Structures are given as C-alpha cells and as structure tokens.
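Take a look at the structure below.
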Amino acid sequence: RTFTFKVNRELGQWENTSTIYPYLSPEQKEKLLDNFKVAVQIPTVSFSESDQNITALQEFDLLLRRVFPKVFSSSLVRHEVVGNYSHLFTVAGADAGLEPYMLLAHIDVVPANEADGWDAPPFSAQEIDGFIYGRGTIDNKQSVMGILQALEYLLERGYTPRRTFYIGLGHDEEINGEEGAVKIVNLLKSRGVKLLYVLDEGLTIMDGVVDGLNEPAALIGVSEKGQTTVKLSVSTPPGHSSMPPRESSIGILASAVARLEKNRMPNLFGHGPERATFEHLAHKFGWSYRMIMSNLWLFSSLLSSVLEGQPDTNAFVRTTTAVTMFNSGVKINVMPAYAEAFVNFRIHSSQTVQEVLNLIESTVSDKRVKVEFINGFDPLPISSYEDDTFGYQIIKKSVQDIFPQVTVTPGICVANTDSRHYTQLSPDIYRFAPSWYKPGDSARFHGVNERISIQNYEEIVLFYFQLMQNSDVRNLPTLRS
Ligand SMILES: CCCCCCCC/C=C\CCCCCCCC(=O)N[C@@H](CC(C)C)C(=O)O
Ligand SMILES: [Zn+2]
Ligand SMILES: [Zn+2]
C-alpha cells in the first residue's frame, strides 16, 4: 500500500466576521469559573439506562437559567426542553438563507467513587495546582458550560449571528442518548432541518502522547468507531466440588476469554482515517521520525507496532477487545452450572460488526461456549476534511485562532458520542473539544482524578466564542494557488 503525503494548503483571506475580540476580563474569568464549578458540583450521574439522578438534572436546568440570563432572555434564542431534561437552543441568524450548524454536548456523567483514589471528592470541583477536579470536567461539562458561556458573553456584547445555529445538550449520552439526542434529532427532522455541520465532544488536543511528535496536535474526529457487545456463556452440570470434572464452566469460559484477549483483532493501521492523521502530522515529527513518517509506505508496519504499544494509540489502529463483565458461581463447594462474560469491541473504521462477529467465532472456536450477539453498530461514516469543507475548516480556524501553536489534523474518535444519532441531519459530523490531553490523561476519562486546568477552561470558552463568529462567514475563502 502506498501513502501520499498531503499537507493542507493555506486558505486565502477570510471574511472578517470576528468583530468581537476574544477577550475575557478578570471579572468574566472569575464568573465563568464560579459557574463551571457549580456545574461540576451537581451530580448528574447516569447509573444505568433505568437509573439517573433526576433531582440533579432538575437542579442543572435551574443552574443554566440562573447563570446564563442573556441566553434565556434574548429574543434571538428559542429554548426548548426535550425528553424532560435535555435542552435545545435555536439561535436565530440574520440571514435565513444560510444553512445552520449545530453544537452538541452532554450534561450527564458516569458515576464516580472517591474511594477509588481521587485526590479530591469527585463532585467538589476542588482547585488543586490550577486544576479543577471533578467528574464531568473533561466529559463533558466543559463543553456544556463553555458553549453557553461563550454565547452569554457574545450576547452581552451585542452579537447577532448571521447564520442560525442550534445547541443540543443531551441528558443521557452515557446511557445511549435515546431520550435526549434521539428526541432532539426527531424534533429537528419533523421541522425539516438540515445541518451544514455538527460539532460534538470527542478527540482533544494531544500533547506528548505520540513518540517523536514534539508539537501539540488537535485531532478532529471525522468519524467514530463502531461497537459490538457479545455475551459468552458456558453451561455444565452442577455437582460437589470434592469430585470436580477436569474443566469447570468457569475454566472453559476463562480460556475462551483469554483466547480473545491474546489474539487481538488485526492491526489495521493505514486502512482508515488514522492514516490521514499521520500524513497530516508527518512534517511535525522530530528528525529521526520524520523519515519514517514521510515514507509511511515503507515503514507503516514499524509505526503501527509502536502505536499498538499503548492503550490510547492502540485504540486508533485496531478493533479493541474489552472483557467488561464476568459472572459465575453460587457457593465455594458447588460446581457452577453456568458462567457468563460480556465482551465489548470497539470497531475500527475498516471493519463491520459482521466481520468482527466472524472473527470472534473463529477465535473462541469451542462448541461448549455459546456466543450471543447483544448489540452493535458499524463504524460511523467518514466526514469530509478537505480544504473546501466548511465545518472542518471553520473548526480548524477556530483552533488556530485560540491555539496558534497547535497543528490541526483529522482523527478517529475511539469512543461513541451523541452525534452518531445525527447522521440523517448532516453528512459532516465532527467530534472534538479543545481540552489538553497529556500522557496519563487517558485514565481520567471515566476514571479517577478527572480534571481540567482553569486556563484550559477559559480557552474552551474562547474557542466556542470564535467558532460562533467564524461560522458566520458566507463562504470559505478561495484557495491560494
Ligand atoms: C495519535 C493519537 C491517538 C490517541 C487516540 C486516543 C485519544 C483519546 C482521547 C479522548 C477520548 C475521549 C472520548 C470522549 C467521548 C467519550 C464518550 C463516551 O464515553 N461514550 C460512550 C457512549 C455509549 C453509547 C454509552 C461510550 O462508551 O463510548
Ligand atoms: Zn462524553
Ligand atoms: Zn463519557
């Protein structure tokens, strides 16, 4: 396979729509931080599909109304509650002929237990060394609050958008988004809305995560991996543990699970959008790596074996296998009649659910192990990231306005987002929020010590501030020849 080396050509002169300078006064910085801390302190936890903290979701609704008075009173903004706790804002643009875009984020968070090793209680929003600690600080209250805070400040300063845009804040993203995102999509569909682009949570600004890449890179998720979950189960006759058979149901199942973990799905580096990531970044690598990057056709197997050495970059290059639940046994002296395990696979862009199921069957390859499909969906379509793609270029410019030191490149979101429900409204869906992601940060997503620096939260507000104004251009500038 050959790789082409492609660097985005710089676009020509931009129409100047950012007439409100991206600046935050000391008072504004103080206020936005207070607002953010209160948002983190409200435990909007999704425990399971049938168990959410409803009181917290109601409290969060009141918080939004209290801290964003301009958003809730402006004649330009229509606010609707959808599915009881999700929010849809329609911000009317002056030119109804321009196609609208949409920003997404989610209010709910996964559970957090202080005893797991948090340095601060997970719903305290405590400040330690310039970071705010708390569940939701990077997934995804920084976007919820950042988007509305940016709009609040723009409205305060007399902003009237030219292009209509929507803001969708889901309340159940962590449990599939059926009541929030899906209902918002249905409402917009019933109104005949089509979107120029959609921006949701997802990838971040990577800094120091990839060996040899000495500069930070903003990875815009142009797609997201698919997923499937299978249940493996084994049934054997129960009996007395003093006279056990050679293999128990637990042993048979454990071997099958071990085979799946040992025989990983194939490394598919180069067969999906991750190839474009490295082509765009090639010229940013240090001297010794640059030769590899510029000759990916020759060195792709070397690079792919480096990438598969660490969990986050490994997720970039293959369908991953995660054994997430294992249940069996009733008493220490009773042979278990039944053992079951659930395995969650995140599917690389170049594979399908069916192909992954076939590989699972052939790896398990034991008739005593029943393999059941629980659920799944194929990888999402790949959104455009060309020089003339409106959404991608607007996001890129907004990153460059606020983070001039950062290179922007397409990437693949390794987890799923509410935006996957929006494919009928727009072909161009992007997954990105400008949180900094440094070595060790992967463990903070859904893990312990989730945190964001105060400076980064301010940058996020300014990013959305610019994004809203940049989206007001009628057309992208023409390419420089
Ligand atoms: C070259 C560098 C590669 C580094 C790639 C890895 C970078 C990972 C960075 C950030 C990942 C954040 C993912 C944020 C979205 C998480 C959303 C989520 O948890 N969604 C659920 C949805 C489910 C349907 C309930 C999920 O389990 O995916
Ligand atoms: Zn999230
Ligand atoms: Zn999450």
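Both ligands and their constituent atoms are indexed starting at 1 by order of listing. Residue numbers count from 1 along this sequence. Predicted, not measured: the structure shown is a model, and the values here were computed from it.
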Check your understanding: Within less than 4.0 angstrom of ligand 1, does Glu173 place any heavy atom?
Key ->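 Contact check Glu173 vs ligand 1: positive.
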Review point. Is the shortest distance from a heavy atom of Arg346 to ligand 1 less than 4.0 Å?
Key: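 Per 4.0 Å heavy-atom rule, Arg346 contacts ligand 1.
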Review point. Who's closest to atom 25 (C) of ligand 1 heavy-atom-wise, of Gln227, Glu274, Glu49, Glu174?
Key: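 Selected option, by shortest heavy-atom distance: Glu174.
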Check your understanding: Considering only heavy atoms, which of Ser46, Gly177, Gly202 lies nearest to atom 11 (C) of ligand 1?
Key ->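 Comparing heavy atoms across Ser46, Gly177, Gly202, the nearest one to atom 11 (C) of ligand 1 lies in Gly202.
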Review point. Judged by modelled atom types alone, do Ser143 and Asn140 share a side-chain donor-acceptor pair under 3.5 Å?
Key: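 Short answer, yes.
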Mark up the atoms of ligand 1 that fall under 4.0 Å of a heavy atom belonging to [X], in ascending order.
{"X": "Arg420", "answer": "24 (C)"}
{"X": "Phe445", "answer": "10 (C), 12 (C)"}
{"X": "Tyr437", "answer": "8 (C), 9 (C)"}
{"X": "Asn176", "answer": "24 (C)"}
{"X": "His446", "answer": "19 (O)"}
{"X": "Phe316", "answer": "1 (C), 3 (C), 5 (C)"}

Nearest protein heavy atom with distance in Å, relative to [atom]:
{"atom": "atom 18 (C) of ligand 1", "value": "Asn416 O, 3.3 Å"}
{"atom": "atom 6 (C) of ligand 1", "value": "Asp312 O, 3.7 Å"}
{"atom": "atom 2 (C) of ligand 1", "value": "Val210 CG2, 3.8 Å"}
{"atom": "atom 16 (C) of ligand 1", "value": "Ala415 CB, 3.8 Å"}

Exercise for review: Enter the distance from Ile220:CD1 to Ile412:CD1 here, rounded to the nearest 0.5 Å.
Suggested key: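 With rounding to 0.5 Å, CD1 (Ile220) is 13.5 Å from CD1 (Ile412).
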Point to revise | Test item: Ser426 side-chain N/O and Ile429 main-chain N/O as donor-acceptor pair under 3.5 Å | key: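 Side chain of Ser426 to backbone of Ile429: no pair is present.
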Exercise for review: Examine distances only and state if a side-chain atom of Thr320 and a backbone atom of Ala315 form a donor-acceptor pair shorter than 3.5 Å.
Suggested key: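 Judged by distance alone, no pair lies under 3.5 Å.
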Review point. Polar-atom distance check: Glu201 versus ligand 1, any N or O pair below 3.5 Å?
Key: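 So ligand 1 has no N or O lying under 3.5 Å from an N or O of Glu201.
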Check your understanding: For Lys231, does the NZ atom have more than 12 heavy-atom neighbours from other residues, nucleotides or ligands under 6.0 Å away?
Key ->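 Yes, enclosed.
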Exercise for review: Check the pair Arg191, Glu80 against salt bridge (charged side-chain N to carboxylate O under 4.0 Å, His left out), reporting the backbone distance first and the verdict last.
Suggested key: CA-CA 14 Å; Arg191 292 176 183 166; Glu80 295 163 276; 2.5 Å; yes
Check your understanding: In a check of ring-ring contact (aromatic ring centres under 6.0 Å, His included) between Phe89 and each of Phe72, Tyr166, Phe165, which one passes?
Key ->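 Between Phe89 and the candidates, ring-ring contact (aromatic ring centres under 6.0 Å, His included) is satisfied uniquely by Phe72.
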Check your understanding: Going by the salt bridge (Lys or Arg N to Asp or Glu O under 4.0 Å) test, which pairs reach into residues 122-145, not counting sequence neighbours?
Key ->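 Every pair satisfying salt bridge (Lys or Arg N to Asp or Glu O under 4.0 Å) with a residue in residues 122-145: Lys37-Glu127, Arg135-Glu450.
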Check your understanding: Going by the salt bridge (Lys or Arg N to Asp or Glu O under 4.0 Å) test, which pairs reach into residues 304-322, not counting sequence neighbours?
Key ->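 Those involving residues 304-322 are Arg264-Glu308, Glu308-Arg318.
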Point to revise | Salt bridge flag under 4.0 Å for residues Arg259 and Glu261 | key: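 No, Arg259 and Glu261 are not salt-bridged.
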Check your understanding: Do Asp441 and Lys438 meet the salt-bridge criterion of a basic N to acidic O distance under 4.0 Å?
Key ->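 A salt bridge is absent here (no side-chain N lies under 4.0 Å from a carboxylate O).
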Check your understanding: Among the protein atoms near the Zn ion (ligand 2), how many are N, O or S and lie under 2.8 Å away?
Key ->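 The number of such protein atoms is 4.
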Point to revise | Inter- and intrachain pairs under side-chain hydrogen bond (donor to acceptor under 3.5 Å, both in side chains), touching residues 193-204, at least two apart | key: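 Those involving residues 193-204 are His106-Glu201, Tyr197-Ser471, Asp200-Thr417.
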Practice item. Verify whether the ring centers belonging to His87 and His79 lie closer than 6.0 Å. Key: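 That pair passes the under 6.0 Å test.
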Check your understanding: Is the distance between the ring centroids of Phe269 and Phe278 under 6.0 Å?
Key ->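 They qualify: ring centres under 6.0 Å apart.
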**Study point:** Proximal heteroatom of His446 relative to the Zn ion (ligand 3) (N/O/S)
**Key:**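 Looking at His446, the N, O or S atom with the least distance to the Zn ion (ligand 3) is NE2.
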Review point. What part of Met206, side chain, backbone, both or neither, has a heavy atom within less than 4.0 angstrom of ligand 1?
Key: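 Only the side chain of Met206 comes within reach of ligand 1.
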